[in-house]
J.: 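I have a structure here, written as structure tokens, and I will follow up with some questions on it.
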Amino acid sequence: MDDFYRELIIDRYKNPQMRGELDPHDYSYEDDNPLCGDEIRIDLRVDADGLITEAAFTGKGCAISLASADLLVESIVGKTLDEIKTLSKDDITEMLGIELGPVRLKCALLSLKVLKAGVYGLDELEEELMI
Amino acid sequence: MDDFYRELIIDRYKNPQMRGELDPHDYSYEDDNPLCGDEIRIDLRVDADGLITEAAFTGKGCAISLASADLLVESIVGKTLDEIKTLSKDDITEMLGIELGPVRLKCALLSLKVLKAGVYGLDELEEELMI
Amino acid sequence: MDLSFESTTLDVPAIRRDFPILERETDPGVKLVYLDNAATSQKPVQVIEAMDSYYRHMNSNIHRGIHCLAEEATVAYEDGRKKIASFIGAESWREIVFTRNTTESLNLLAYSWGRANLKAGDRILLTEMEHHSNIVPWQMLASEVGVTLDFVTLTDQGKLDQESYSTLLEREPRLVSFTQMSNMLGTINPVAEMTEQAHRAGAVVIIDAAQSVPHMPVDVQELGVDFMVFSAHKMLGPTGIGILYGRKELLQEMPPFLGGGDMIKRVQLDGFTMNDLPYKFEAGTPAIAEGIGFGEAVDYLANLGMEAVHQYEQALTAYALERLEEVPGIQVYGPEAEDKGGVLSFIYNDIHTHDVAHILDSFGIAVRAGHHCAQPAHQHFDIDATSRASFYIYNVKEEVDQLIEGLYKVKEIFG
Amino acid sequence: MDLSFESTTLDVPAIRRDFPILERETDPGVKLVYLDNAATSQKPVQVIEAMDSYYRHMNSNIHRGIHCLAEEATVAYEDGRKKIASFIGAESWREIVFTRNTTESLNLLAYSWGRANLKAGDRILLTEMEHHSNIVPWQMLASEVGVTLDFVTLTDQGKLDQESYSTLLEREPRLVSFTQMSNMLGTINPVAEMTEQAHRAGAVVIIDAAQSVPHMPVDVQELGVDFMVFSAHKMLGPTGIGILYGRKELLQEMPPFLGGGDMIKRVQLDGFTMNDLPYKFEAGTPAIAEGIGFGEAVDYLANLGMEAVHQYEQALTAYALERLEEVPGIQVYGPEAEDKGGVLSFIYNDIHTHDVAHILDSFGIAVRAGHHCAQPAHQHFDIDATSRASFYIYNVKEEVDQLIEGLYKVKEIFG
Ligand SMILES: Cc1ncc(COP(=O)(O)O)c(C=O)c1O
Ligand SMILES: Cc1ncc(COP(=O)(O)O)c(C=O)c1O
């Protein structure tokens with residue numbers, strides 16, 4: 001088979017590093033993909049300089065959506081909110097290390113969508129996604 | 001060119017034999033083809049036995065519709081109303097001596113439609129015509 | 001019905017040769033196993049070439065044209081309509097309205113028949129196994145006009161609960177609209193009996209035949225239905241064209257739906273006169289190539305014989321059900337093989353349907369994952385989504401075996 | 001604009017080789033001269049083969065599928081949408097809604113925008129040169145909602161009477177809907193100026209671009225219009241697909257039109273949630289092959305360059321007008337070549353248009369006869385019907401000469 005369900009994805013799916021809730025938190029947002037009922041919630045703690053000090057996610061979904069949530073949330077700790085603005089589709093597929101078709105891309109980007117919508121709007125991201 | 005605009009048609013179009021109105025008449029009916037604005041009216045005189053003793057038509061239209069009106073009206077004098085019921089699309093194209101596509105067929109059959117509708121309904125004829 | 005492969009009269013290897021896409025590899029060395037037929041079917045060369053040839057030799061606008069191409073195109077397109085009329089046993093070609101798809105046919109009914117015949121307080125009876133296309137148009141009508149929707153519930157087996165149906169008919173719905181075959185559960189409903197019951201209760205009956213007309217013999221007059229809707233793309237035909245069948249008396253009384261060219265006899269600044277059936281409901285340049293392709297598709301199926309199609313698919317379904325039951329952790333929804341068409345929706349332990357479909361895809365096996373536009377049926381069984389394998393005339397036993405093998409691989413990966 | 005053939009940059013002989021139907025003989029030895037392009041255009045092999053190839057290699061339902069075919073088909077179809085968006089200068093692909101044709105696009109607007117925004121007493125401003133598809137939907141709305149229709153009148157030359165337009169704008173119509181190019185008179189209307197005027201008067205503007213987008217550069221943002229509608233089949237694309245362009249803000253506020261699969265995010269028994277633009281307006285399985293074919297058609301035209309297309313067709317039109325004026329008894333309707341597209345409607349003494357078209361057909365020359373779904377424009381000039389010759393990129397000067405010769409033959413026969 002193709003290297004799609006790469007060990008990384010299956011591994012992150014089975015043993016997520018960043019699963020959990022933060023209480024209290026500075027930002028918390030959740031959204032879903034009505035096509036399949038997947039849901040992701042992301043909680044953030046942010047310091048006075050806008051630096052993300054802690055992050056966690058909960059939710060349900062396919063291996064792609066949960067693995068990318070786990071990887072994304074891990075990658076943003078230590079980043080500023082401004083840096084999140086520049087995260088794109090390509091950053092996610094790079095983390096996953098695979099090419100994705102339009103429907104799977106939507107799974108992979110659910111967590112990014114949640115993150116951006118929680119912190120800013122998400123107009124450009126919506127434009128980028130064809131579906 | 002094909003033998004379409006056979007002499008008969010052009011001749012009947014230019015020199016109709018049966019043009020005119022009957023006053024008084026026993027039957028008179030008119031209808032049109034809204035696609036092109038063509039109109040045909042047919043008047044009949046019928047004796048006690050249901051025999052058509054006189055017939056005439058007026059109207060405007062293309063060569064096909066006027067020539068077939070002229071030929072049709074000529075052919076029914078001396079026939080009974082019951083015989084008219086059996087007239088079909090094929091009788092008209094036979095009189096004209098040519099094959100017709102669906103749109104031209106509609107032109108050719110306008111007079112038959114008027115005749116039948118004037119004397120009976122015209123359900124079957126409508127079914128026969130695809131357009 | 002005899003569910004064995006031995007009694008089939010279909011020459012499936014010959015059929016397969018008519019479908020060029022079946023030669024397709026999804027990855028180098030990985031041959032396509034297409035099991036997504038309930039979403040859309042593949043097309044035989046006969047259909048593809050009919051449309052190709054239309055565009056190369058005959059393309060023209062129709063109905064109003066006098067030139068040679070216009071006449072040829074008109075005849076070919078209207079022949080398609082006649083073929084479809086005879087395929088479903090309609091009394092006349094005038095009862096066949098071309099639309100874009102099943103969905104548009106249902107919306108046409110909701111806008112035209114619904115707004116003319118229903119008023120606040122009236123009831124419409126649907127079922128919990130309807131496709132969204134047979135729910136949302138009525139929800140829109142409900143919120144506009146104030147009608148109330150009732151839904152026949154399902155048995156654990158995924159059949160319509162006939163007791164619930166009888167009870168809800170007592171509320172005297174003006175309209176009953178339901179599917180002849182569920183696109184999630186595969187359930188084939190007893191249309192003739194249910195229609196008779198609905199008529200006795202004074203209701204008009206619409207049948208969503210999107211999944212049935214492609215797969216089994218359907219005769220509108222035998223079934224006694226008032227309206228029936230289906231799509232070409234699920235029955236070997238092209239995208240972009242569907243059918244609304246309606247009894248002439250009913251269609252005649254309905255107001256037009258879309259206004260414009262072709263649906264009128266005459267237009268003045270202060271008003272218009274409507275055209276005859278079925279043109280009254282066909283505004284603008286129609287899907288001409290598609291009507292011709294649809295006619296070819298219907299010829300292809302009629303040649304095979306719909307009894308034979310149905311028997312073969314049921315044999316495949318029975319075999320697939322048997323094999324799926326072997327796989328630990330698979331739960332299939334819907335009734336036994338005798339009572340269903342070739343649609344198998346299942347969950348697989350707690351493995352997400354996207355993951356199931358994606359890994360099967362890596363072996364070339366195309367199944368669908370999701371709610372299949374039948375969320376209420378999924379909600380009934382308290383699930384979000386299923387994986388769905390669905391069959392057609394070109395599928396073979398070996399492809400079922402490949403599906404089963406694929407499912408074992410999924411298990412390996414997700415442990 | 002330079003109306004000479006010498007300044008064309010189109011390689012017309014090369015273009016002709018892309019259109020297989022131009023090899024067609026209508027009778028043995030009689031080559032087709034296709035002059036019915038305003039009704040529908042012919043299709044280049046590129047478009048025919050793109051759809052053929054879709055059905056042979058990629059056919060699948062879209063949007064919800066995870067398997068390989070579904071992903072390829074989704075990308076190809078949505079690419080078509082993006083190409084169309086950029087072809088007409090839309091800000092975003094989300095502003096491009098696929099419909100069946102221009103007619104459905106206009107009806108969508110009448111049902112969705114019209115019913116949400118207009119009430120009894122409101123006025124809609126149309127013109128006397130509109131196609132029936134831009135009249136009847138508004139007449140239906142008028143009789144349902146009680147709005148009043150006004151019609152801009154025509155000059156003797158067949159242009160819109162701008163004085164009449166200004167006067168009727170004073171009645172403060174909520175909506176102004178008119179054609180960019182008349183399919184009977186060929187008149188090209190000053191859309192940008194008229195739109196600005198309409199906006200100043202507080203109206204929303206719909207442009208019927210069925211005859212303009214295929215033949216000249218059109219940029220929705222430059223023109224400043226709110227909505228624009230056109231059909232694929234008149235611009236080298238397939239039947240069965242058309243476009244509604246709308247500014248995002250306007251589309252976003254509009255209620256849905258057809259309900260069903262794809263236009264929803266979620267369905268429960270007691271209600272549904274709408275999908276994002278443009279899917280909100282696209283219910284059911286779309287015309288997938290057709291969307292892909294449409295994308296190819298737009299590529300083909302964009303490669304030629306719409307300025308070049310327009311210049312060449314105007315040269316043809318100027319030449320044809322000049323030659324037609326030589327023929328005794330011919331009267332052409334509409335303005336001079338500078339102000340019109342390649343559409344020439346004429347009467348010929350008192351010879352019936354059916355007879356003109358039929359005899360021309362016997363020489364292989366395809367023209368249209370009738371009212372061309374523009375009865376009000378015909379009524380304005382007090383005629384029932386005209387014969388119409390209309391051009392596209394593959395037509396040549398020699399074909400105009402054949403038309404003229406054919407007309408002399410008609411005269412011979414009808415004396
Ligand atoms: C100006 C104009 N508007 C609308 C239409 C209707 O287009 P369609 O038949 O593709 O809906 C046409 C085509 O005949 C047209 O020329
Ligand atoms: C039972 C049923 N009804 C309606 C539809 C909608 O068909 P279409 O998308 O062709 O409008 C489908 C297809 O998905 C279906 O399976």
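Throughout, a chain's letter reflects where its sequence line sits, starting with A, and its residues are numbered from 1. Since the model is a prediction, treat every value here as computed from it, not as a measurement.
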J.: Taking side chain as everything from C-beta outward and backbone as N, CA, C, O, which of these in D:H233 sits under 4.5 Å from a heavy atom of chain C? Side chain, backbone, both or neither.
T.: side chain
J.: Between C:H371, C:E23, C:M58, who has the most heavy-atom pairs with chain D when the cutoff is under 4.5 Å?
T.: C:M58
J.: Measure D:P238 against the heavy atoms of chain C and call it side chain, backbone, both or neither at under 4.5 Å.
T.: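 Interface part for D:P238: both.
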J.: So what's closer than 4.5 Å to chain C heavy atoms on D:F272: side chain, backbone, both or neither?
T.: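 Both parts, backbone and side chain.
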J.: How far apart are the closest heavy atoms of D:C68 and C:T26, and which atoms are they?
T.: SG-CB, 3.8 Å
J.: Are side-chain heavy atoms of D:E144 and C:R115 found at a separation under 4.5 Å?
T.: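 With C-beta onward as the side chain, the pair stays apart.
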J.: To the nearest 0.5 Å, how far apart are CG in D:N59 and OH in C:Y34?
T.: 6.0 Å
J.: Assess whether side chain to side chain contact (heavy atoms under 4.5 Å, CB included) is satisfied between C:R368 and D:S60, documenting all intermediate values.
T.: CA-CA 11 Å; C:R368 196 139 284 237; D:S60 165; 4.0 Å; yes
J.: Could you tell me which of C:E49, C:Q42, C:K234, C:H372 has the largest number of non-hydrogen atom pairs under 4.5 Å with chain D?
T.: C:Q42
J.: Using modelled atom types only, decide if a donor and an acceptor are shared between the side chain of C:N101 and the backbone of D:T285 within a distance under 3.5 Å.
T.: yes
J.: Which heavy-atom pair separates C:Q139 from D:Q268 by the least distance, and what is that distance?
T.: NE2-O, 2.8 Å
J.: May I have the step-by-step check of side chain to side chain contact (heavy atoms under 4.5 Å, CB included) for D:H67 and C:I365, ending in yes or no?
T.: CA-CA 8 Å; D:H67 56 76; C:I365 304 165; over 6 Å; no
J.: Judged by atom type as modelled, is there a donor-acceptor pair below 3.5 Å linking the side chain of D:N107 to the main-chain atoms of C:L258?
T.: no
J.: In plain terms, say whether C:E72 and D:R24 are close enough for a salt bridge, that is, a side-chain N and a carboxylate O under 4.0 Å apart.
T.: yes
J.: Given heavy-atom pairs under 4.5 angstrom as the criterion, report whether the side chain, backbone, both or neither of D:S143 touches chain C.
T.: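 For D:S143, neither part sits under 4.5 Å from chain C.
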J.: What residues of residues 129-136 of chain D sit under 4.5 Å from chain C when only non-hydrogen atoms are counted?
T.: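 Interface residues of residues 129-136 of chain D: D:H131, D:H132, D:S133, D:I135, D:V136.
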J.: Most heavy-atom pairs under 4.5 angstrom with chain C, which of D:E104, D:M263, D:M51?
T.: D:E104
J.: Given a strict heavy-atom distance threshold of 4.5 Å, which part of D:S231 is in contact with chain C: side chain, backbone, both, or neither?
T.: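 For D:S231, neither part sits under 4.5 Å from chain C.
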J.: Counting only N and O atoms by type, is there a donor-acceptor contact under 3.5 Å from the side chain of D:T239 to the main-chain atoms of C:A289?
T.: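 Present.
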J.: Short question: side chain of D:E128, backbone of C:L269 - any donor-acceptor pair under 3.5 Å?
T.: no
J.: List the atom of D:I48, the atom of C:D52, and the distance in Å for their closest heavy-atom pair.
T.: CG2-OD2, 3.4 Å
J.: What part of D:L32 lies closer than 4.5 angstrom to a heavy atom of chain C: side chain, backbone, both or neither?
T.: side chain
J.: Looking at every heavy atom in both D:Q379 and C:V267, which two are closest together, and how far apart are they?
T.: NE2-O, 3.3 Å
J.: Side chains of C:I21 and D:L69: closer than 4.5 Å at any heavy-atom pair?
T.: yes
J.: As an exercise, state the distance from CD1 of D:I359 to CD1 of C:I66, rounded to the nearest 0.5 Å.
T.: 10.5 Å
J.: Would you call the rings of D:Y111 and C:F257 parallel, tilted or perpendicular if under 30° counts as parallel and over 60° as perpendicular?
T.: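 It falls in the tilted class, 30° to 60°.
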J.: Minimum heavy-atom separation for C:G260 and D:P137, please, with both atom names.
T.: N-CD, 4.5 Å
J.: Which bit of D:D36 comes within less than 4.5 Å of chain C, counting heavy atoms only: side chain, backbone, both or neither?
T.: side chain
J.: Decide side chain to side chain contact (heavy atoms under 4.5 Å, CB included) for C:E290 and D:R100; before the verdict, give the C-alpha distance in whole Å, the side-chain angles of both, and the deciding distance to 0.1 Å.
T.: CA-CA 12 Å; C:E290 292 79 358; D:R100 180 173 36 247; over 6 Å; no
J.: For the candidates D:G364, D:C373, D:G271, D:A357, which exhibits the highest count of non-hydrogen atom pairs separated by less than 4.5 Å from chain C?
T.: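 Top option by heavy-atom pairs under 4.5 Å: D:G271.
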J.: Heavy-atom distances under 4.5 Å only: say whether D:V367 touches chain C with side chain, backbone, both or neither.
T.: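 Backbone only.
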